[in-house]
Amino acid sequence: MQEQTLYSRGGIITERDADYATVRVRIPAGVLSAAQVRQLGKISEKYGDGTLHLTMRQTLEIPHVKPENFEKIAKALEKNGTPLGAEQNEVVNIMACPGTERCKYANCETIDLARKIDERVFGKVLAIRLRIAISGCPYMCNSPLLNDIGVIGRIRPLRIPGLCTGCGTCVEYCKQHAIALKNGVSVLDESKCVQCGVCIHSCPYQLLKSEYDHYQITVGGRRGASPAVGRELVTVETAEEVVEVVERIVYWVYRSAWSGRPLADQMDEIGYDAFAEGIRKEFGPKPAEEKQ
């Protein structure tokens, strides 16, 4: 009975040879200690084929596990702090880039945020599989716009008239070619700006400031043969708000989504506009007079 329960879990994936399964591990943001990695190697040697497979969703798989070892491997993984993962109709492993911990382009912390989201929603059983990715900047190395839920750290730059020296450093560093020198000062083309914040960080005189540090949250992205770009749901200013909004999205999907179709294909039918309106009223930027 225990084996059957484990076999139905998303972390256990039947292989082409149905006498074996691949066991997927839960690793929010893909971060492991060296000790955990060593132990995973030992677990694979004991219960699998001695190899470890790194997945594109920043988790890890142990191939070629026999059904009679499911309970044993599940206990060993739990003890190692790397429990069974998810792959069926549920919230799967939360992806995150290195964020401000290591990346010079990042605008926000990502790894702890991924862990907080993982604590709230990982493994929630839904009608569909739900993928979440967090990126510290709009360069989006882990493609949050192609996930069901995407979180992107952004900074809106502010130029104070009269302060620019016209050195051209921000022009040189802007990858979007959104800045030009005109009459001795830098001018921003907002239609090209992706709010990456590079111009702020690159200014040698620290004359450029942030007007709005925020997280952009998108919904309805999809990879695969027919990729779709997620729609912007809302922007929020704190990590706590990100976690709350993500949990609201998951609950909306739980209550509304139909099985057999990706979220991107059914958003309009399950009331996305009404859901988005409610989220924006509660979490969206407030008028200046309300903040005072």
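What you are looking at is a predicted structure, and each value in this text was computed from that prediction instead of being measured. The analysis underlying the following values was restricted to heavy atoms, covering all of them including side chains, and did not include hydrogens, waters or symmetry mates.
Between the side chain of Ser202 and the backbone N or O of Cys199 there is at least one donor-acceptor pair closer than 3.5 Å. Side-chain atoms of Asp49 come within 3.5 Å of backbone atoms of Thr51 as a donor-acceptor pair (strictly under, hydrogens ignored). Between the side chain of Arg248 and the backbone N or O of Trp252 there is no donor-acceptor pair closer than 3.5 Å. One N or O on the side chain of Thr55 and one on the backbone of Thr59 form a donor-acceptor pair closer than 3.5 Å. The backbone N or O of Ala127 lies less than 3.5 Å from no partner atom in the side chain of Ser259, so there is not a single donor-acceptor pair.
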Enumerate donor-acceptor pairs with a distance under 3.5 Å from any side-chain N or O in residues 138-148 to protein atoms, sequence neighbours excluded.
{"from": "Asn142", "atom 1": "ND2", "to": "Ile134", "atom 2": "O", "distance (Å)": "2.7"}
{"from": "Asn147", "atom 1": "OD1", "to": "Arg57", "atom 2": "NH1", "distance (Å)": "2.9"}
{"from": "Asn147", "atom 1": "OD1", "to": "Arg57", "atom 2": "NH2", "distance (Å)": "3.3"}
{"from": "Asn147", "atom 1": "ND2", "to": "Ser143", "atom 2": "O", "distance (Å)": "2.8"}
{"from": "Asp148", "atom 1": "OD2", "to": "Arg131", "atom 2": "N", "distance (Å)": "2.8"}

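Other residues, nucleotides and ligands contribute only 12 or fewer heavy atoms inside 6.0 Å of the CZ atom of Arg255.
Note that Lys175 lies in the cation-pi zone of Tyr105, set by a 6.0 Å cut-off to the ring centre and a 45° limit from the axis. Remark: Arg154 fails to qualify as a cation-pi partner of Tyr215 under the 6.0 Å distance and 45° angle criteria applied to the six-membered ring.
The list of salt bridge (Lys or Arg N to Asp or Glu O under 4.0 Å) pairs with a residue in residues 111-122, not counting sequence neighbours, reads Arg26-Asp118, Asp112-Lys116, Arg120-Glu244, Arg120-Glu247.
The aromatic rings of Tyr212 and His214 lie parallel to each other, with less than 30° between the two planes, well short of the 60° mark.
With sequence neighbours left out, the salt bridge (Lys or Arg N to Asp or Glu O under 4.0 Å) criterion links Arg24 to Glu61, Glu87.
A continuous path of ILVMFWY side-chain contacts below 4.5 Å connects Val246 to Ile128, so both sit in one hydrophobic cluster. Clustering ILVMFWY residues whenever any of their side-chain heavy atoms sit less than 4.5 angstrom apart, transitively, puts Met95 in a cluster other than the one holding Leu130. Linking ILVMFWY side-chain heavy atoms closer than 4.5 Å, directly or via other members, places Val194 and Val198 in two distinct hydrophobic clusters.
Atom CG of residue Leu208 and atom CG of residue Leu158 lie 8.5 Å apart, to the nearest 0.5 angstrom. To the nearest 0.5 Å, the span separating CG on Leu40 from CZ on Arg38 amounts to 11.0 Å. Taking CD1 from Ile179 and SG from Cys174, the interatomic distance works out to 4.5 Å, rounded to the nearest 0.5 Å. Taken to the nearest 0.5 Å, the CG atom of Leu84 stands 8.0 Å off from the CD1 atom of Ile73. Note that CD1 of Ile155 is 5.0 Å distant from OG of Ser210, once rounded to the nearest 0.5 Å.
Salt bridge annotation for Arg156-Asp213: absent, with no cationic side-chain nitrogen under 4.0 angstrom from a carboxylate oxygen.
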